[in-house]
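Here is the structure we will look at.
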Amino acid sequence: MLDLGFIRANPQLIREAAHQKGVVLDLERLLALDGERRGLLVQIEGMRAERNRRSQEIPGLKGGGRAQSIRDLRELGAELDSLEPALERVESELEGLLLQVPSPPHPDVPPGFDESANLLVRRWGELPAYDFAPADHLTLGERLGIIDVTRGVRLSGSRQYVLRGDGMLLERAVMNFALDRLLRKGFIPLSVPMLIRPEAMRGTGYFPGGEEQCYAIPRDDLFLIGTAEVPVTAYHAGEILDAADLPLRYAGFSGCFRREAGAAGRDTAGIYRVHQFYKVEQVVITRADPEASEREHELITANAEELLQALELPYRVVVVCAGEMGLGQVKKYDVETWMPSRNAYSETHSASMFYDFQARRLRLRYREAGGEVIHCHTLNNTAAASPRILIPLLEVHQEADGSVRIPVALRPYLDGRASIGP
RNA sequence: GGAAGGGUGGCAGAGCGGGCGAUUGCGGCGGUCUUGAAAACCGCUGGGGGUAUAGCGCCCUCCGUGGGUUCGAAUCCCACCCCUUCCGCCA
């Protein structure tokens, strides 16, 4: 959500942002409603002021004057009753439109509507070369008895899987490894609810629009989170934080659930696109200063890169183009890790910068030293998401004998073992 | 799930139809005093919105949420949510 005053003052900027992000928005309607709302407010508040003033005179009145006043005010009240629904209608329609206003992309963001327009920032690591025929992660996983898609599907349907033995241990190792690296950098670890109220989904920008991607528990009006970003960013919703406590850097751990509606037939091989996974997520809440935001954005991106480097996995970083960004995102880096079976770099991390888009929806604010109350800025990035991260881990580090070498940095999390294998 | 009690400002805690956006205490900020600090004393100290904007100001709204009664609701009524305690159930 953007500031209404800002929208009012910069309609052209908003129109352009909507075009770049491919968002349909009736801005004329929004601006008309804004004017209508203010007109109604002047009228209604004037009437309320009169009612309050004359109501307070009543205790001092006697006899006929008092009866007359009460009659007048009853009439005034009836007039208000007939006017107020109009204001409510205008405000709720305005609110609905306001939720659809996109954040204008940062100047660094390239135009374009699909990933071919993304801008390559940097590449790290040598692509692996094999003197044998490398296997894909599913073949590897089944051969090693650590990934069981067949029974996963039998239990829970498509895009489900079971990690078994060293597969399960590897997942746990990567999660702990990622979490520990963040702890060393001062991130506060958070284990958060995976069932969440719709306000948090709206507050983080997933609703309206993302309902189809989301598992719902209608009986309890709760939703399964698609990422810990939702509960962690909403953790301080409605609060006014102390400026001295910012930035707040959180490492959220949770299971994540995604329906993958509309992705039927896409990425069906293996465990790339699944309905359920675990993730360690970085979430930063900082002061409302674009420079501070951008600094944090680089920081959480660098954190992800350090993790991949420690795991000895080649990756690249791209700036995601405007048309591929979400409504609220101002700038987004995707970190894409090399996946031999896909013969491509594929997204394993996604670092989003929102400025105050989420904070406004969440009423997440802080008090400046001077006493001023300001909406925070928020950001987030993956630290590690499993099982997707297991794909490059298994494929890149596979050996000719079918075993998989464990990168040195991960060995302490696997009982010191240098490889897993037959 | 059942029963009882309760949700008020950063916190504690009054108010239970009319100058109450709210007594008071703590905390915080500013000042007096002091070499400095503490203590003491004095003053200030919620959010959102509208209007006017050079600035002051004026007005509306918010006492868990949503409805209702009333000229007027933090105060009365209804529904819901949440918290605490006890019972039941349970990982």
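As a basis for the values below, the full set of heavy atoms in this structure was taken, side chains included, without hydrogen atoms, waters or symmetry mates.
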So does A/E306 pair up with A/K185, basic N to acidic O under 4.0 Å? yes
Whole-Å gap separating C1' (B/rG49) and CD (A/Q43): 17 Å
Whole-Å distance between B/rG50 P and A/L33 CG? 15 Å
In terms of side-chain heavy atoms of A/A49, which of B/rU61, B/rG18, B/rC59 is nearest? B/rC59
What is the distance, to the nearest angstrom, from the CG atom on A/L61 to the P atom on B/rG18? 17 Å
Nearest-angstrom distance, C1' atom, B/rA74 to B/rG13: 15 Å
Want to settle it: does A/E50 or A/R197 sit nearer the 5' end of RNA chain B, counting the closest nucleotide to each? A/E50
Rounded to the Å, how far apart are A/Y366 OH and B/rG47 C1'? 17 Å
Name the pairing partner of B/rC86, where a pair is Watson-Crick or G-U wobble with both distances under 3.5 Å, or state none. B/rG2
Please give the distance between the P atoms of B/rG5 and B/rC63 as a whole number of Å. 23 Å
Counting only side-chain N and O atoms of A/R51, is one of them less than 4.0 Å from OP1 or OP2 of B/rC71? no
Using the C1' atom on both, measure B/rC76 against B/rU69 and round to a whole Å. 8 Å
For the P atoms, the ones on B/rA4 and on B/rA14, what distance do you get once it is rounded to whole angstrom? 23 Å
Verify whether the ring centers belonging to A/H377 and A/F354 lie closer than 6.0 Å. no
Across every strand shown, the nucleotide meeting Watson-Crick or G-U wobble geometry with B/rG9 (both distances under 3.5 Å) is none
For A/R66 and B/rG72, give me the distance from atom CZ to atom C1', rounded to whole Å. 11 Å
With rounding to whole Å, what would you report as the distance between B/rC44 and B/rG10 at their C1' atoms? 16 Å
Between A/D3 and A/Q56, the residue closer to the 5' end of RNA chain B by nearest nucleotide is A/Q56
Give the ring-plane orientation class for A/Y215 versus A/F257, where under 30° counts as parallel, over 60° as perpendicular and anything between as tilted. perpendicular
So A/I58, base contact, sugar-phosphate only, or nothing? Heavy-atom distance under 4.0 Å. base
Tell me what A/R365 touches on the nucleic acid: a base, only sugar-phosphate, or nothing, going by heavy atoms under 4.0 Å. sugar-phosphate
Within the structure, does a side-chain N or O atom of A/N52 lie under 4.0 Å from either OP1 or OP2 of B/rC59? no
Under 4.0 angstrom between A/R367 side-chain N/O and B/rG47 OP1 or OP2: yes
Within the 6.0 Å centroid threshold, strictly below: A/Y250 and A/H236: yes
Measure up the A/F113 and A/H19 rings against each other and bin them: parallel (under 30°), tilted (30 to 60°), perpendicular (over 60°). perpendicular
Separation of B/rC62 P from A/R363 CZ (nearest whole Å): 16 Å
Looking at B/rA14, which nucleotide sits across from it as a Watson-Crick or G-U wobble partner, both distances under 3.5 angstrom, or is there none? none
Distance-minimising heavy-atom pair for A/R258 and A/H275: O-ND1, 2.7 Å
Using both distances under 3.5 Å as the test, list the Watson-Crick or G-U wobble partner of B/rA40, or none. B/rU32
Go ahead and name the base partner of B/rA73; Watson-Crick or wobble counts if both distances stay under 3.5 Å, otherwise write none. none
Of the listed B/rG47, B/rG18, B/rG50, the closest approach to the A/R38 side chain comes from B/rG50
Ranking B/rG47, B/rC59, B/rG50 by distance to the side chain of A/R37, first place goes to B/rG50
Scan A/E91, A/E95, A/E93, A/E45 and name whichever one has a salt bridge (Lys or Arg N to Asp or Glu O under 4.0 Å) with A/R37. A/E91
Return the value, rounded to whole Å, for the distance between atom CG of A/L80 and atom C1' of B/rG68. 17 Å
Is any side-chain N of the basic residue among A/R342 and A/D136 closer than 4.0 Å to the acidic one's carboxylate O? no
Nearest-Å distance for atom pair CG/P, residues A/L41 and B/rA52: 13 Å
From the candidates B/rG18, B/rU51, B/rC59, the one with an atom nearest any side-chain atom of A/E45 is B/rC59
Determine the Euclidean distance between corresponding P atoms of B/rU84 and B/rU8; express it in Å to zero decimal places. 14 Å
Considering only atom P, compute the distance from B/rG66 to B/rU61 and round it to an integer number of Å. 15 Å
In the structure shown, which nucleotide is the Watson-Crick or G-U wobble counterpart of B/rG66, with both distances under 3.5 Å? B/rC78
Would you mind pulling out the nucleotide paired to B/rG55, Watson-Crick or G-U wobble, both distances under 3.5 Å? none
C1' gap between B/rA22 and B/rU45, integer Å: 15 Å
